Amino acid sequence: MSELATSRTIDRSKMEVSDEIAIDINAMNKWYGSFHVLRDINLTVNQGERIVIAGPSGSGKSTLIRCLNALEEHQQGKITVDGTVLSNDLKNIDKIRREVGMVFQHFNLFPHLTILENLTLAPIWVRKTPKKEAEETAMHFLEKVKIPEQAGKYPGQLSGGQQQRVAIARSLCMKPRIMLFDEPTSALDPEMIKEVLDTMIELAEEGMTMLCVTHEMGFARQVANRVIFMDAGQIVEQNEPEEFFNNPQSERTKLFLSQILGH
Amino acid sequence: MSELATSRTIDRSKMEVSDEIAIDINAMNKWYGSFHVLRDINLTVNQGERIVIAGPSGSGKSTLIRCLNALEEHQQGKITVDGTVLSNDLKNIDKIRREVGMVFQHFNLFPHLTILENLTLAPIWVRKTPKKEAEETAMHFLEKVKIPEQAGKYPGQLSGGQQQRVAIARSLCMKPRIMLFDEPTSALDPEMIKEVLDTMIELAEEGMTMLCVTHEMGFARQVANRVIFMDAGQIVEQNEPEEFFNNPQSERTKLFLSQILGH
Amino acid sequence: MSDISFVRTEMLPEQDPPASEVGALGWAKHNLFSGAMNSALTVFSILAIYYVLAALLPWAWSPTWNATSLAGCREILHDLGREGHFSGACWGVINDRWVQLFMGFYPPEHYWRPIAAFILLGVALSPVLFSDQVPAKLIWFTGLYPFLMPWLLWGGSIWVPLMVLAGFVIAYAAYRFILDKMSELIALIAAVIVAVVWWLFLMGPIAEFVFNIIPIGMEAVGSRKFGGMMLSLTIGVVAIGFSLPIGVVLALGRQSDLLIVKALCVGFIEFIRGVPLITLLFVASTLLNIFMPPGTNFDIIMRVIIMATLFASAYMAEVIRGGLAALPTGQYEGADSLGLNYWQAQRLIIMPQALKISIPGIVSTFIGLFKDTTLVSVIGLLDPLGLSNGIRANAEWNGVVWEIYGFIALMFFVFCFSMSRYSMYLERKLQTGHR
Amino acid sequence: MTTLSDPPQESFRLSQLIYDTRYRSMTIQIIALIGFLLLLGWLFGNTAQNLADLGKEPSFRFLSEPAGYDINQRLLEYNSQDTHLRAAFVGLLNTLVVALLGCITATILGVAIGVLRLSSNWVVSKLMMIYVETFRNVPVLLWIVFVMAIMIETMPAPRAFKGENPASEMMLNDSVAVTNRGVYVPEPLFTNTLGDVHLFGAASMRFDVSLDLLALMLVLGASLWGASWFRKRADKIQELTGDRPKTWHVRLGLIVVPTAVLLYVLGFHLGYPELKGFNFKGGTHFRNSLIALWLALSLYTAAFIAEIVRAGIMAIDHGQSEAAAALGLRPNRTMKLVILPQALRVIVPPMISNYLNLTKNSSLAIAVGYMDLTGTLMGITLNQTGRELETVLLTMLIYLAISLSISAVMNMYNNRVKMVER
Amino acid sequence: AGTLDDVKARGTLNCGVTTGLVGFAAPDANGEWAGFDVSICRAVAAAVLGDSKAVEFVPTTGKTRFTALASGEIDMLARNTTWTFSRDVDLKFEFTGVNYYDGQGFMVPKDLGVSSAKELDGATVCIQTGTTTELNLADFFRANNISYEPVPIETNAEAQQQYLAGACDVYTTDASGLAATRATFDDPAGHVLLPEIISKEPLGPLVRHGDHEWGDVVRWTLNALVSAEELGVTSANIAEVSAGSNNPEINRLLGSEGTLGEMMGLDADWAKSAIMAGGNYGEIFSSNIGEETPVGLARGLNAQWTNGGLLYSPPFR
Ligand SMILES: Nc1ncnc2c1ncn2[C@@H]1O[C@H](COP(=O)(O)OP(=O)(O)OP(=O)(O)O)[C@@H](O)[C@H]1O
Ligand SMILES: Nc1ncnc2c1ncn2[C@@H]1O[C@H](COP(=O)(O)OP(=O)(O)OP(=O)(O)O)[C@@H](O)[C@H]1O
Ligand SMILES: [Mg+2]
Ligand SMILES: [Mg+2]
């Protein structure tokens with residue numbers, strides 16, 4: 001794992017954390033059939049926080065963040081996102097999904113639409129933005145992720161890193177207040193990882209609330225203000241990045257860190 | 001690109017070049033449809049020469065060596081291989097193919113046959129060697145490429161480097177006088193590249209005439225006695241390796257070398 | 001910001017999920033009643049199932065197995081107090097005729113022959129289908145089976161299939177002989193001509209001559225005695241068997257860059273695939289004899305098999321073309337660079353791989369053809385469906401409908417379903433198999 | 001090796017025919033062509049010889065002779081004195097009708113079943129699996145006779161509608177009668193009818209076009225065009241403002257009102273079927289043979305289409321619908337905007353071959369007495385005239401033409417869809 | 001060579017029959033064919049080969065029967081086929097006699113209350129296709145200027161099914177077929193045959209045009225069966241009678257006098273074998289379709305000329 005993911009200097013000054021609560025998870029439990037994937041999760045995320053979630057494979061990281069925008073259902077406990085309680089009520093789910101953007105490991109761009117169409121689809125159909133306006137926003141975000149010239153192409157014609165940046169731009173077009181990332185760089189080649197991490201750092205600098213499942217520890221150090229370590233469906237340890245990496249408390253965390261930073 | 005492909009000391013003493021002409025290409029031209037791929041190629045290769053062909057992608061390197069064993073047809077000029085004129089006559093083509101071995105980038109082993117069967121197929125059916133004898137030869141060459149223990153396996157069960165060595169052994173089983181290599185290492189992981197290059201160096205030491213398309217410049221330095229640089233379907237420059245690398249003449253060659261050795 | 005550091009000192013044990021998530025209840029909640037729409041669908045489906053079963057089961061539950069005529073059935077049901085049109089099935093007809101529905105008019109004392117033929121078919125196919133579980137030597141048997149099967153089914157002198165086989169040997173010998181002297185193209189053409197001459201003109205008299213000296217053979221059974229399921233299977237198996245080589249040739253022709261050859265193959269394939277099978281069967285029943293030299297006379301089953309073979313070949317060609325297309329060009333180049341010629345490359349490198357990829361497609365073609373053999377009833381052959389007419393033309397069973405149709409449908413279902421499952425299994429195996 | 005002497009300027013040698021790659025392919029092709037021509041010649045020779053022996057000369061004159069038989073199901077006016085050619089034409093139209101109807105219903109059914117098979121509802125998905133397996137693994141001919149038998153045996157005969165206390169009653173306010181002879185529904189009639197135009201005079205291909213129908217189609221076409229213009233306007237508004245105006249009532253009005261006015265002007269009324277004598281009179285009669293064939297073909301083909309649809313949808317990565325959901329798209333929008341456009345590309349090509357199969361299978365009409373092309377030209381005409389060669393070949397050619405045109409049209413569509421995706 | 005030689009060389013007779021029609025031809029559970037048409041085939045086989053079992057029965061449909069015969073696939077066709085001009089002349093066949101005088105009739109359910117075919121205006125009529133019936137039917141209704149709705153059906157079994165379920169009001173085919181079909185009904189009395197017989201349907205065996213030797217064999221075998229009934233020769237008394245009788249015609253017929261068999265290229269006792277195969281015409285009739293059988297046909301036109309029928313065999317002389 002690359003220790004230092006990016007070479008640019010990072011401006012931590014803008015990354016302020018407000019007191020407003022963005023996400024509140026209270027005694028949440030989830031089962032797949034009879035398998036207990038998430039156990040008694042309690043977590044509060046403030047507006048503007050950048051949280052990195054790490055942990056061994058199968059520890060429930062993806063499941064956790066997928067619960068936050070109702071891609072998975074939880075069975076016990078209460079999740080409040082941006083003041084809205086996540087229940088079975090479709091209206092609430094719609095509302096939350098509009099506030100929360102998500103980026104997947106495998107990009108999940110729509111291959112039959114051009115990049116521009118990928119970006120404007122949801123604004124037009126969900127937010128009811130005029131097409132023109134949606135396209136302007138889209139181009140704005142494409143410029144932000146540094147590929148405005150690809151607007152007319154199809155996803156299949158782009159490299160992995162470019163595709164992932166388009167995926168980030170697609171989420172941003174919905175103007176979300178919170179962004180979830182599920183291992184956004186793990187399907188990419190080393191050169192491309194950098195492009196994507198740069199984009200994410202920029203986002204962090206602008207004060208976006210972010211929950212990010214990743215094993216890019218360099219990114220965690222530079223950007224996160226909290227690192228959460230999960231194992232066996234539970235939050236085992238959380239701390240500020242410096243503390244977390246230099247002075248892990250639990251045995252499991254130590255073991256995990258030694259493995260991941262070992263080579 | 002690794003500068004020094006192999007660490008063993010190379011015995012250049014045995015690599016003698018005789019006066020006999022192995023390949024003679026005279027004013028050869030080739031078109032794909034109306035696209036002029038090879039332009040006025042003139043090249044004479046003596047018995048025992050080791051020639052490396054380099055050049056940017058699409059410059060016609062593969063096409064050139066594929067013309068030499070009639071995998072592609074040329075439209076103008078004369079190619080003489082080992083004394084036989086490459087014409088439309090099937091008999092001549094058969095004869096040349098028997099004298100010329102070829103190793104491809106993607107190995108092209110036959111996945112439904114075991115390694116041993118891959119090696120004995122052509123000797124049995126083309127050279128009409130008795131099966132027993134063919135198998136002995138095959139085992140001999142398998143030992144030479146250092147994987148005799150894999151004889152009974154199927155290609156799918158071998159690593160890329162092992163597969164490429166089997167491909168070399170397969171060509172050798174036909175006892176060719178000339179070997180053509182088309183980027184034999186470019187589909188391999190770094191560790192495997194070494195295995196394959198070692199095998200090729202050994203071959204060179206035994207005095208085999210070799211034409212090799214490759215970007216392994218370390219190999220070119222150590223083994224080749226001539227490097228040919230192609231661009232846009234033409235031979236732009238040819239020279240001894242030392243001269244070629246240290247003192248390139250043409251601008252294009254310089255540009256190419258700076259790119260390929262640059263990082 | 002509050003202190004965010006947190007360390008869990010004690011790991012939580014796994015807990016059982018809430019009662020509504022597991023067990024029958026949880027299962028039902030997730031699989032049957034998740035949402036109003038789903039619940040409605042569930043109720044509706046269960047009602048539909050109930051309705052069908054309520055109509056079907058009482059009818060099917062009918063103790064008429066031993067009745068010897070429809071009137072007998074009615075009497076039995078009458079005695080049970082069941083009256084009316086749908087009071088109960090008349091299973092007596094199945095009891096009386098099931099053997100016939102399977103074997104047609106094949107002489108009962110020879111029933112072992114078709115049974116053996118179809119069991120041996122399984123053995124012959126096993127090296128292809130279960131290549132990892134049976135000895136590879138068995139492939140020899142696979143090669144011999146095409147000669148064994150007709151002999152078992154039709155019987156007669158053993159010398160006929162042996163002489164047909166000899167044709168291949170002679171052709172091969174001629175090929176090798178000429179190959180030493182001339183090009184392989186000439187050798188190939190000569191071999192074909194030699195074989196055809198042998199089969200058409202020499203084989204018959206020689207086989208008869210040898211038979212007179214060494215009379216080994218089985219009692220001949222004419223194809224008119226074939227009927228029922230056995231007829232369907234015979235047509236299906238023989239047609240698929242013969243269509244395989246023809247399909248390979250057509251597929252190669254369609255892939256080739258020889259314009260005329262390609263045009264001929266494409267024309268044939270598209271023509272056959274463009275017309276309904278039934279028109280081809282009409283050609284078999286009304287025209288084929290007109291196309292043959294005056295005086296030739298195959299019986300109708302032979303003619304149907306010929307047309308079914310042509311029909312299957314066109315579909316087979318497309319299946320095999322798919323297999324060929326799935327091979328990387330590197331395989332051709334590898335073969336070329338080793339100096340193998342076209343036919344060697346096809347035989348040793350390309351076909352073994354292409355055919356293996358095509359097996360699931362071949363199995364589906366077979367299933368399709370097997371189902372389509374029911375069409376022969378339209379031209380008067382007594383396949384199961386044709387036999388059902390014959391059976392209903394007997395005074396005892398006149399008026400029986402559902403029982404026979406149901407039984408025939410069941411027979412086809414069992415055959416086709418098991419084959420389609422098998423081909424699915426093969427597809428999975430091919431996907432995960434080495435490479 | 002010493003210097004190479006120039007090869008002698010070679011003249012053509014015979015062996016080049018075989019060894020020279022340039023001539024070799026020629027040689028093979030010419031041999032193939034000669035072989036093919038020989039085969040063809042042999043077949044022609046045999047045929048001519050055999051026909052001469054039988055005293056028959058191939059001739060299509062019989063086509064212009066009176067057919068002598070009646071056809072119950074016909075779109076054109078026809079009687080037993082019309083020619084065999086016209087009978088064949090009537091049969092051809094019947095083939096096309098059942099094929100068209102079959103393709104439409106098979107698609108609807110198949111898509112529904114394919115989607116339901118993917119349902120999370122256990123009972124429903126298993127039920128659909130049973131449906132698919134049952135229908136695909138039993139021959140279609142058996143299904144045709146089966147469905148026909150069910151129609152005949154379980155529906156009431158017209159007689160059952162008779163008497164003081166009829167055993168069966170008409171449905172929908174006495175307007176629809178479901179009998180074992182088929183279904184009778186009200187037919188549209190016009191008091192102020194515009195009459196018919198007769199095309200092709202007295203030729204065998206002649207047919208009448210109802211001007212009423214023509215006028216209706218024109219008006220309907222215009223209305224549809226208007227409606228689509230309206231929809232396009234809605235698209236534009238959505239593009240501009242983001243909000244999509246509700247247009248369905250305007251569009252519905254645009255379609256319904258002009259048509260209704262025209263119907264009123266023409267004096268539209270329904271002719272109800274009524275039991276008179278042996279049969280229902282009036283109304284439109286869908287014969288049991290048509291219904292049985294249509295149903296059986298649809299049900300059978302639907303099983304295959306369902307599998308195609310299922311495979312098509314499953315071929316779409318699950319991530320696609322998750323991504324759409326994460327963007328806040330509702331499931332039906334996701335289906336329409338994301339899943340279907342992708343799935344269609346996978347689905348269409350195998351769908352074409354199933355349409356072709358359905359069309360070819362419609363030739364089994366013979367089993368239920370539906371007078372399609374096989375039943376007329378290759379059936380009664382063949383039997384009455386004894387012209388096997390001519391009738392069978394003609395039938396094959398017509399089917400071939402149908403098949404080729406279906407695949408041509410569908411391939412065109414296919415290419416268009418492909419273009420969009422680079 | 002002629003068909004006769006072929007048959008002798010082959011050792012079996014290939015005889016075309018229907019795929020199944022009650023009383024006329026149907027296979028039983030053992031695959032043995034039986035019926036009125038089948039008996040004719042057996043008689044010919046017995047006459048030519050001396051073995052009534054030496055027959056291959058080839059089931060044919062209305063459409064395939066003529067090609068099967070023309071192409072030589074079958075030696076004779078005994079499949080309730082109507083002797084018409086065009087079949088004899090245009091299709092190039094030779095009818096060798098009539099084994100059943102039939103006519104096309106109508107059957108209706110009794111409760112329909114119809115007593116004449118002329119009252120059938122607007123009725124739905126089931127017809128078996130591939131026969132002359134559809135032409136007769138079209139002619140009849142056109143001549144009487146009434147409308148009808150034809151329902152063409154491939155096989156008798158399906159026609160019967162449709163008729164019984166009420167999918168058609170009337171079933172029309174040869175009257176013999178109607179009677180045979182009615183006989184197997186649950187309630188035969190509930191159905192009536194209408195008085196109109198709208199056509200002449202002389203049914204008989206046929207062979208290919210031009211092979212007169214073979215035509216003679218089939219023709220005279222049929223005549224032998226008819227004559228035998230006229231002369232009182234039955235399968236029961238034939239052993240006794242063939243030893244010699246006072247009636248010279250019987251003697252000629254059975255081969256104890258004269259060389260009739262030899263003239264045809266058959267054994268002297270050809271007719272004896274033919275009669276022994278299934279009895280004389282009367283016996284065949286009564287055991288397959290006669291009044292004691294489920295089919296229950298009366299002799300009617302098919303009685304001997306001496307009994308007011310049309311059966312009249314030329315003399316054996
Ligand atoms: N749909 C599902 N049904 C049943 N079990 C599941 C499902 N999805 C995930 N699981 C299980 O839940 C556990 C947690 O999965 P999750 O994907 O959240 O892990 P993760 O921490 O994201 O791992 P990774 O780093 O490999 O992505 C795993 O054991 C996985 O097998
Ligand atoms: N079969 C073909 N038909 C048409 N053009 C071809 C074909 N094969 C190669 N070309 C074109 O010919 C040119 C030379 O191709 P070639 O494969 O010889 O290049 P190369 O030098 O081997 O490149 P690389 O390093 O990428 O392998 C390229 O522009 C290529 O696009
Ligand atoms: Mg994960
Ligand atoms: Mg290359």
Side-chain angles (χ1 to χ4, degrees), chain C residues 68-71 74 85 93 95-101 103-108 222-225 227-228 281-282 284-290 292 294-303 377-382 385-401 404, chain E residues 1 6 10 12 14-35 55-68 70-74 79 130 154-158 160-161 164-165 177 180-186 288-289 293-296:
Chain C
T68 53
S69 71
L70 187 56
R74 290 193 182 127
H85 204 56
V93 63
N95 184 18
D96 189 32
R97 296 298 179 106
W98 71 271
V99 179
Q100 196 173 49
L101 281 170
M103 289 295 184
F105 305 138
Y106 211 82
S223 28
R224 298 242 165 67
K225 298 267 182 250
L281 292 179
F282 265 90
S285 80
T286 60
L287 298 187
L288 208 56
N289 270 339
I290 297 186
M292 292 294 133
T296 7
N297 206 346
F298 317 90
D299 63 55
I300 177 74
I301 288 179
M302 289 297 173
R303 281 181 275 148
S377 62
V378 175
I379 54 166
L381 290 192
L382 299 180
L385 215 51
L387 261 179
S388 77
N389 271 325
I391 292 171
R392 292 199 283 163
N394 276 276
E396 310 92 71
W397 302 120
N398 189 291
V400 169
V401 184
I404 302 189
Chain E
D6 288 348
R10 201 186 306 131
T12 53
N14 293 334
C15 191
V17 292
T18 78
T19 49
L21 178 62
V22 179
F24 287 84
D28 70 4
N30 302 319
E32 295 288 342
W33 287 82
V55 195
E56 284 283 3
F57 290 99
V58 180
T60 56
T61 69
K63 273 162 219 146
T64 62
R65 56 182 163 179
F66 294 126
T67 351
S71 70
E73 188 186 349
I74 52 179
R79 187 200 182 276
E154 253 331 81
T155 66
N156 186 56
E158 273 152 35
Q160 173 186 340
Q161 187 190 354
L164 277 181
T181 307
R182 181 175 68 164
T184 62
F185 288 174
D186 223 359
N288 287 303
I289 51 176
T293 65
V295 182

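Note that the structure is a prediction, hence the values are computed from the model and not measured. All chains are named by letter (A, B, ...) in the order of the sequence lines, taking the proteins before the strands, and each is independently numbered beginning at 1.
Atom OG of residue S71(E) and atom CE of residue M292(C) lie 12.5 Å apart, to the nearest 0.5 angstrom.
Contact annotation for I300(C): both backbone and side-chain heavy atoms come within less than 4.5 Å of a heavy atom of chain E. For P59(E), the parts sitting under 4.5 Å from any heavy atom of chain C are the backbone and the side chain alike. Interface remark: L382(C) contributes side-chain atoms only to the contact with chain E (heavy atom separation under 4.5 Å). For D96(C), the parts lying near chain E are the backbone and the side chain together; criterion is any non-hydrogen pair under 4.5 Å. For F66(E), no part lies near chain C; criterion is any non-hydrogen pair under 4.5 Å. Interface remark: V378(C) contributes backbone atoms only to the contact with chain E (heavy atom separation under 4.5 Å). At a 4.5 Å heavy-atom cutoff, the contact between F282(C) and chain E is made by side-chain atoms alone.
In terms of modelled atom types and a separation under 3.5 Å, the side chain of Q160(E) and the main chain of N398(C) share no donor-acceptor contact. Looking only at distances, no side-chain donor or acceptor of D299(C) sits under 3.5 Å from a matching main-chain atom of E73(E).
Within the 4.5 Å cutoff, the side chain of Q161(E) has heavy atoms near those of the R392(C) side chain. Between E32(E) and F105(C), every side-chain heavy-atom pair lies at or beyond the 4.5 Å cut-off.
Per-residue heavy-atom pair counts under 4.5 Å with chain C were compared for A34(E), G23(E), A29(E), and the maximum is reached by A29(E). Put simply, of D28(E), T60(E), N14(E), T12(E), the one with the most heavy-atom pairs under 4.5 Å next to chain C is D28(E).
The shortest heavy-atom contact between I379(C) and T61(E) is C-CG2, 3.8 Å. For the pair A393(C) and A26(E), the tightest heavy-atom approach, listed with the atom from each and the gap, is O-CB, 3.7 Å. Looking at every heavy atom in both residues, N394(C) comes nearest to P27(E) through ND2-O, 2.7 Å. The shortest heavy-atom contact between R224(C) and V58(E) is NE-CG2, 3.2 Å.
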Please lay out, stage by stage, how E158(E) and N389(C) fare under the test side chain to side chain contact (heavy atoms under 4.5 Å, CB included). CA-CA 9 Å; E158(E) 273 152 35; N389(C) 271 325; 4.2 Å; yes
